[in-house]
Protein chains: 2
Amino acid sequence: MTDAHNHSSRSLSQACELCSVRHRAMCAAVDFERLGELEKIVSHRQFAPGQLIFEESDPADYVFNVSNGDVRLYKLLADGRRQITGFLRPGDFLGLVKQEAYAYGAEAIDAVELCCMRIVDLERLLRELPAVRDRLLDMSRDELAAAQEQMLLLGRKSAREKVLSFLLMRARNEHDLDGGEAVTLDLPMSRSDIADYLGLTIETVSRTFTSLKEEGLIDLPSAQHVVLPDIDAAEAAASAD
Amino acid sequence: MTDAHNHSSRSLSQACELCSVRHRAMCAAVDFERLGELEKIVSHRQFAPGQLIFEESDPADYVFNVSNGDVRLYKLLADGRRQITGFLRPGDFLGLVKQEAYAYGAEAIDAVELCCMRIVDLERLLRELPAVRDRLLDMSRDELAAAQEQMLLLGRKSAREKVLSFLLMRARNEHDLDGGEAVTLDLPMSRSDIADYLGLTIETVSRTFTSLKEEGLIDLPSAQHVVLPDIDAAEAAASAD
DNA sequence: CGAGCTGTTGACATTGCTCAAATTTCGTGG
DNA sequence: CCACGAAATTTGAGCAATGTCAACAGCTCG
């Protein structure tokens, strides 16, 4: 039982109307005139790279929206094996559960700022603003569709297909993928995170990157930067469904 | 593009108030006095074993509740590799998506009866009965938690752990698992379905069943019946998280 | 009784893992 | 700015778990 969201994380206040990710977040369903109600119940906290946000057994008092930075969600087995169930970026939502404990752990990958709300306050907000509930349902259905896609990846794709699918997914998230032109990706997470997300070992991830580079499907200017010179060729090799 | 829910499936009418799975389904959120409104917009359809309910590319006009029987949900890769993302039982919900096409395919495993509702009618119902929206959000969060648990299984468990986890999950669903006593499971799905659910081949599933039987952790009176004589021993071997 | 399907078993191949070491990167302090 | 040490990444060699291909067995339904 940790208390991570109460220590070594500074509390900030910020106007919701200035929030750069409001349109992507749950808050998009709150009318502009009612942002004041939202501001009254949210607070902001910062987390250092690697810092625990909450773990699976923690009592679930708060829900969070990512304002800045990247977060990893994970589940652990008793012997320490880890499965990362998702990487979150600004605008994404975490912490909503029906039960009294979180269903997964969460850690900051880089410097992270979260917008926090007590679950009891969220529930009151949901009663007052039904549109927010719609929004949460939509976001949950999107999460579920992503989870099903990830099950397909984990259960049925080869290491090469997993890595390519991962890169293409990140490429689609960050860019509009007009078509032919090269895309440069920034990977804030470590090889270990990528391995635990794809159900591989770090060695296999590293070897796969190297062999994709040798094939010319990607370029690796540094360990955290990947260039996809030909998206279409990569799509073909990723066993697109 | 199939049209499965319009052919070779008989339409039935049945009173919602007599529905044996109402308490588990979305409909649990509808007041007893307002079941009439529900009955007006639902219809029932039957599917034969193996019959397609809808496939991934189909336009999503309907949502369904399973009244009877078992359903498999799956996603396919272009070359035919399949990942089963879930097995549904009576009371479970399928077909809700934000987009205009289903996010996965669905097939009847055995004789299935579904309670069907047009998505447009569901949306009207949601506006009139906010409690149903709560219920759907809760059900979606449960589905998501199950999906994350399955990602852990697919990405990080061995074949033996996968099979044991699968059996224990079914045991927990069907029984209260008081503790020491033996549990008999009925597996309506084929080895091929189990393999595609666990990210294995049918041969590995079959071999794993055999070796679990040799170890005494399970008994196999027939291919579709599994006895778990000692739940606790099985839990320990399944790498419970 | 035979055909066909599902499940099991066997032999072998292969992907990805384990263990180990080399290399690169990065932060820190001199 | 450079040197050092720690951590992350890459590379290598061997191996184990699981997949592939093939044969066989058992059951169901005509």
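Every value quoted in this text rests on a predicted model; they were computed, and no experiment measured them. By convention in this document, chain letters (A, B, ...) are assigned in the order of the sequence lines, proteins followed by strands, and residues within each chain are numbered from 1.
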Task: T210(A) side-chain proximity, nearest of dT8(C), dT11(D), dT18(D) - done: dT11(D)
Task: Of K157(A) and Q224(A), the one whose closest DNA chain C nucleotide lies more 5' - done: K157(A)
- [ ] Would you kindly give the CZ-to-C1' distance between F209(B) and dT9(C), to the nearest whole Å?
- [x] 16 Å
- [ ] Would you kindly give the CZ-to-P distance between R156(A) and dT18(D), to the nearest whole Å?
- [x] 13 Å
- [ ] Would you indicate whether the side-chain heavy atoms of Q150(A) and Q150(B) approach each other to under 4.5 Å?
- [x] no
- [ ] Consider the side chain of T201(B), meaning its heavy atoms from C-beta on, and name the nucleotide among dT20(D), dT10(D), dT18(C) that approaches it most closely.
- [x] dT20(D)
Open item on the list: Let's test your reading of the model: under 3.5 Å, does the base of dG16(C) pair with the side chain of R160(A) as donor and acceptor?
Closed with: no
- [ ] Assess whether one donor atom and one acceptor atom, taken from the side chain of R207(B) and the base of dG10(C), lie less than 3.5 Å apart.
- [x] yes
Task: Value in whole Å for how far the P atom of dT18(D) lies from NZ of K162(B) - done: 8 Å
Task: Minimum-distance nucleotide (side-chain atoms of R191(A) versus dT9(D), dT20(D), dG7(C)) - done: dT9(D)
Task: Interatomic distance, H225(B) NE2 vs dC27(D) P [rounded to whole Å] - done: 14 Å
Open item on the list: Testing I109(A), D92(A), D110(A), V66(A) one by one against V71(A) for a side-chain contact (heavy atoms from CB on, under 4.5 Å), which residue passes?
Closed with: V66(A)
Open item on the list: Please tell me whether Y104(B) and Y74(B) form a close aromatic pair, meaning their ring centres lie under 6.0 Å apart.
Closed with: no
Open item on the list: Nearest whole Å is fine: how far is dC26(C) C1' from D110(A) CG?
Closed with: 17 Å
- [ ] Classify the nucleic acid contact of S206(A) as base, sugar-phosphate or nothing, counting any heavy atom under 4.0 Å across all strands shown.
- [x] base
TODO: Select one nucleotide: of dT18(D), dT11(D), dG7(C), the one nearest the side-chain heavy atoms of A223(B).
DONE: dG7(C)
Open item on the list: Taking the basic N atoms (NZ, or NE/NH1/NH2) and the acidic carboxylate oxygens, is any pair closer than 4.0 Å for K75(A) and E149(B)?
Closed with: yes
Task: Separation of dT6(C) P from L187(B) CG (nearest whole Å) - done: 16 Å
TODO: Give a yes or no on whether the ring-centroid distance for F64(A) and F93(A) is below 6.0 angstrom.
DONE: no
- [ ] Consider the side chain of L200(A), meaning its heavy atoms from C-beta on, and name the nucleotide among dC26(C), dC17(C), dT18(D) that approaches it most closely.
- [x] dC17(C)
- [ ] Could you check how far CD1 of I202(B) sits from C1' of dC5(C), rounded to whole Å?
- [x] 11 Å
Task: Nucleotide nearest T204(A) when distance is taken to its side chain, options dG16(C), dG19(D), dG7(C) - done: dG16(C)
Open item on the list: Please report the distance, rounded to the nearest Å, between CD in E203(B) and C1' in dT9(C).
Closed with: 10 Å
